[in-house]
Amino acid sequence: MKDRFFLTTAISYPNGAPHLGHAYELLAADAIARFMRLDGKDVFFLTGTDEHGLKMVQTAEREGLPVKDLADRNAARFRAMGQTLAATNDDFIRTTEPRHYDASQAIWKRMEANGDIYLSKYSGWYSVRDEAFFGEDELTSGDGGKKFAPSGAPVEWVEEESYFFKLASYQQKLLDWYDAHPDFIGPETRKNEVVSFVKRGLTDLSISRKTFSWGVPVPDAPDHVMYVWVDALTNYITACGFPDESAERYPYWPANLHLIGKDIIRFHTVYWPAFLMSAGLPVPKRVFAHGFLNNRGEKMSKSTGNVLEPIAMAEHYGLDAFRYFFLREITFGADGSYSHEAIVARLNADLANDLGNLAQRSLSMVNKNCEAKIPAKGPLSDEDKVLLDAAYALRAEARAAMNDFALHSILNAIWKVVGDTNRYFAGQAPWALRKTDPARMETVLWVTAEVLRIIGILTQPFIPLAAPKLLDLLAVPADSRDFAHAEAGFALTSGTELPAPTALFPRYVEAETEGQTPGKEGKGG
RNA sequence: GGCAGUGUAGCUCAGCUGGUUAGAGCGUGGCACUCAUAAUGCCAAGGUCGGUGGUUCGAGCCCACUCACUGCUACCA
């Protein structure tokens, strides 16, 4: 029986088109999902869209279409982005689906049955024009003590009937949970923030609204809709079939990983576990928050025009390069910055020059000098053994790094070996051995090819187009590409016929025309 | 203001419980090679490890103070 591994992205809010931040989270999750599958896990990878709430209603009005039509249109865009990025999610959930209404109402009833939901009044400064509440610090004061929203609209103090969740009573339970599960929140810096936040004390949470109706109705109180987070967070168990405990995917819960942006850490590490505890459901194993991306050190925003269209970028640089860059260049969990120059540098240096050219230079020698077959493996020298050992050690290094979701460290370690292999190849100089010691040449080429096999296997989660292509060039059978095969026992067999080598990654050559590259000119989103 | 974190070569970052001349990649300069995608290899230049003062036989790594930047500081996702 395989170990199960259930991971999720946050569900995206589709009141606009997907942007690079959405893409980044999805492809990081995808790399983890692929990694786990290759490492023998039974993976369930979930993503989707969070379609309720006031902002969807407002955007729909602005665009003059029914809100469900807006949701349908934009959810389709998010789905399409996933396909362009080669995301291997097993399900795509939308919070407007009937199954999700069932699950949301079921968890609500359980929290209510547990005595954690009560009716009271939510009060605050409300702007009729904006249809939204504002905090005291967001307001500006005008003549005669009148207060105004950031939009300039006047606000009034209103009290609204609302259901509340007894979050305050979960303070100690949450602190105990964090204490007993030190890996629950990552990275470490986020954990510190959450713990200190909870320690300061929690107050009960308003979890329903009557001011709009675009949401999941509260059971037995249809004039209330669930406020966005109760509904949104529940998507993770909806996808497991909740409340049907006999559902096929029910055993995947609790999730092994919620991958989210750092901005929504509180909802996932405070509210969500409290809801689940209240409903008598298991709490997820880990929540990991990634950082934000900056374009040349500037925050991405529509107003500065540097919001990039991820599909256009993937098509421009190539999917593998796009994925590789963001997973390799940015310390996973921290904020990162990117630029056209940085992407091109990575693409050319790491992919085309280091790995692509290594495959090309070695396999073309095999093709010309070894009858296009895996060369004969002779006695191994110390240099051969050192290099092979470094390659075989990568699997364990990758697993260790994955334990902290240090995707960048995995790629760093793999490319260290790519560099070692180029140095080995230059040092052994098989083109010289061809004349002086052909048998030794074959051994050098065999060692190089075997290292490439390991690299091909381990890079599959990150560069899902080129890695299989590399394994094809080495004639590695489709059923021999799991991490289980990344060891000496499955080494290349001399004499196996190989196809003619072809390039893995094209070099990026700067276009003649200026301003046509997505990293240089922002395409407003 | 309070709490937390960061500050190491032009750029992005590693630096184990403090221990001999502080490392890598990219970029730059030179050389070599020719199997290869004008790719690769070798060598070199370049850092008062934010600052000041301590502890220690010895500190990038510990302590105090200080400067700069970042995050969090509840119902906004």
Check: Can you find a side chain N or O atom of A/Trp415 that sits less than 4.0 Å from OP1 or OP2 on B/G25?
Finding: no

Item checked: Base-pairing mate for B/G60 - Watson-Crick or G-U, with both contacts under 3.5 Å -> none

Checklist line | Residue A/Ala426, side-chain heavy atoms: nucleotide from B/G41, B/A77, B/U37 that is nearest | finding: B/G41

Item checked: C1'-based separation of B/G18 from B/G58 [nearest Å] -> 8 Å

Next item on the list: Report yes or no: does A/Thr443 contribute a side-chain atom to a donor-acceptor pair with the main-chain N or O of A/Gly378 at less than 3.5 Å?
Entry: yes

Item checked: Complement of B/G27, any strand, by Watson-Crick or G-U distances under 3.5 angstrom -> none

Margin query: Using 30° and 60° as the class boundaries, would you call the ring planes of A/His340 and A/Tyr317 parallel, tilted or perpendicular?
Written below: tilted

Item checked: B/U56 and B/G30, which share atom name C1', separated by this distance in whole Å -> 44 Å

Next item on the list: Please determine if A/Lys121 and A/Glu161 form a salt bridge, counting it only when a charged side-chain N lies under 4.0 Å from a carboxylate O.
Entry: no

Check: With both distances under 3.5 Å as the test, what is the Watson-Crick or G-U wobble partner of B/C33?
Finding: none

Item checked: Nucleic acid contacts of residues 319-334 of chain A, taken as heavy-atom distances under 4.0 Å to RNA chain B -> none

Next item on the list: May I ask you to verify if any side-chain N or O of A/Arg200 is less than 4.0 angstrom from the OP1 or OP2 atom of B/C3?
Entry: no

Next item on the list: Ignoring the backbone of A/Trp431, work out which of B/C76, B/A36, B/U34 is nearest its side chain.
Entry: B/U34

Item checked: Base of B/A74 paired with side chain of A/Thr203 (donor-acceptor, under 3.5 Å) -> yes

Checklist line | Rounded distance in Å between the C1' positions of B/C16 and B/G50 | finding: 24 Å

Checklist line | Shortest side-chain distance from A/Arg361, nucleotide among B/C35, B/G25, B/C76 | finding: B/C35

Next item on the list: Classify the nucleic acid contact of A/Ile264 as base, sugar-phosphate or nothing, counting any heavy atom under 4.0 Å across all strands shown.
Entry: nothing

Margin query: With rounding to the closest Å, how many angstrom separate the C1' atoms on B/C31 and B/A45?
Written below: 15 Å

Checklist line | Non-hydrogen atoms of A/Leu70 and A/Ala60 that approach each other most closely | finding: CD2-N, 3.7 Å

Notebook entry, point to check: Distance between the C1' atoms of B/A36 and B/G29, in whole angstroms?
Noted result: 25 Å

Margin query: Once you apply a heavy-atom cut-off of 4.0 Å, does A/Gly201 come out as touching a base, just sugar-phosphate, or nothing?
Written below: base

Check: Relative to the ring of A/Phe184, is the ring of A/Trp177 parallel (under 30°), tilted (30 to 60°) or perpendicular (over 60°)?
Finding: perpendicular

Notebook entry, point to check: Just checking A/Leu363: base, sugar-phosphate only, or nothing, at a heavy-atom cut-off of under 4.0 Å?
Noted result: nothing

Notebook entry, point to check: Which whole number of Å gives the distance between the P atom of B/G46 and that of B/U34?
Noted result: 32 Å

Check: For B/A39, what is the paired nucleotide under Watson-Crick or G-U wobble rules, both distances under 3.5 Å?
Finding: none

Next item on the list: Measure from the side chain of A/Lys368, starting at C-beta and using heavy atoms only, and say which of B/A36, B/A77, B/U37 lies closest.
Entry: B/A36

Item checked: A/His52 (side chain) donor-acceptor with A/Thr95 (main chain) under 3.5 angstrom -> yes

Note to self: Let's see if you get this right: which residues in residues 345-358 of chain A place a heavy atom under 4.0 Å from RNA chain B?
What the structure shows: A/Ala352, A/Asn353, A/Asp354, A/Gly356, A/Asn357

Check: Taking only residues two or more places apart in sequence, or in another chain, which ones meet A/Phe292 in a ring-ring contact (aromatic ring centres under 6.0 Å, His included)?
Finding: none

Next item on the list: Using Watson-Crick or G-U wobble geometry with both distances below 3.5 Å, tell me the partner of B/C72, or none.
Entry: B/G2

Notebook entry, point to check: Which one is paired to B/C16, where only Watson-Crick or G-U wobble pairs with both distances under 3.5 angstrom count?
Noted result: none

Next item on the list: Ignoring hydrogens and angles, tell me if any N or O in the side chain of A/Glu442 forms a donor-acceptor pair with the backbone of A/Ala376 under 3.5 Å.
Entry: yes

Checklist line | Touch class at under 4.0 angstrom, heavy-atom based, for A/Tyr13 against every strand present | finding: nothing

Next item on the list: Using a 4.0 Å heavy-atom cut-off across all strands, classify A/Arg507 as base, sugar-phosphate, or nothing.
Entry: base

Next item on the list: Check every strand shown and say whether A/Lys416 touches a base, only sugar-phosphate, or nothing at a heavy-atom separation below 4.0 Å.
Entry: nothing

Note to self: Please check: side-chain N/O of A/Asp320 versus main-chain N/O of A/Leu465, any donor-acceptor pairing under 3.5 Å?
What the structure shows: yes

Check: Between A/Ser339 (side chain) and A/Ala342 (backbone), is there a donor-acceptor pair under 3.5 Å?
Finding: yes

Check: Expressed as a whole number of Å, how far does the C1' atom of B/C62 sit from that of B/C49?
Finding: 16 Å

Note to self: Within the 4.0 Å heavy-atom criterion, would you say A/Ser206 contacts the bases, only the backbone, or no part of the nucleic acid?
What the structure shows: base

Note to self: For A/Pro375 versus A/Ser494, what's the shortest heavy-atom pair and its separation?
What the structure shows: O-OG, 2.8 Å

Notebook entry, point to check: How far does the P atom of B/A14 sit from the matching atom of B/A9, given to the nearest Å?
Noted result: 13 Å

Margin query: Could you identify the nucleotide paired to B/U55, looking across every strand shown and requiring Watson-Crick or G-U wobble geometry with both distances under 3.5 Å?
Written below: none

Check: So what's B/A22 paired with, Watson-Crick or G-U wobble, going by both distances under 3.5 Å?
Finding: none

Margin query: With side-chain hydrogen bond (donor to acceptor under 3.5 Å, both in side chains) as the criterion, how do A/Thr49 and A/Glu51 come out once you've worked through the C-alpha distance, each side chain's angles and the decisive distance to 0.1 Å?
Written below: CA-CA 6 Å; A/Thr49 43; A/Glu51 306 181 359; 2.7 Å; yes

Checklist line | Among B/A77, B/C35, B/C72, the nucleotide that comes nearest once only the side chain of A/Glu193 is considered | finding: B/C72

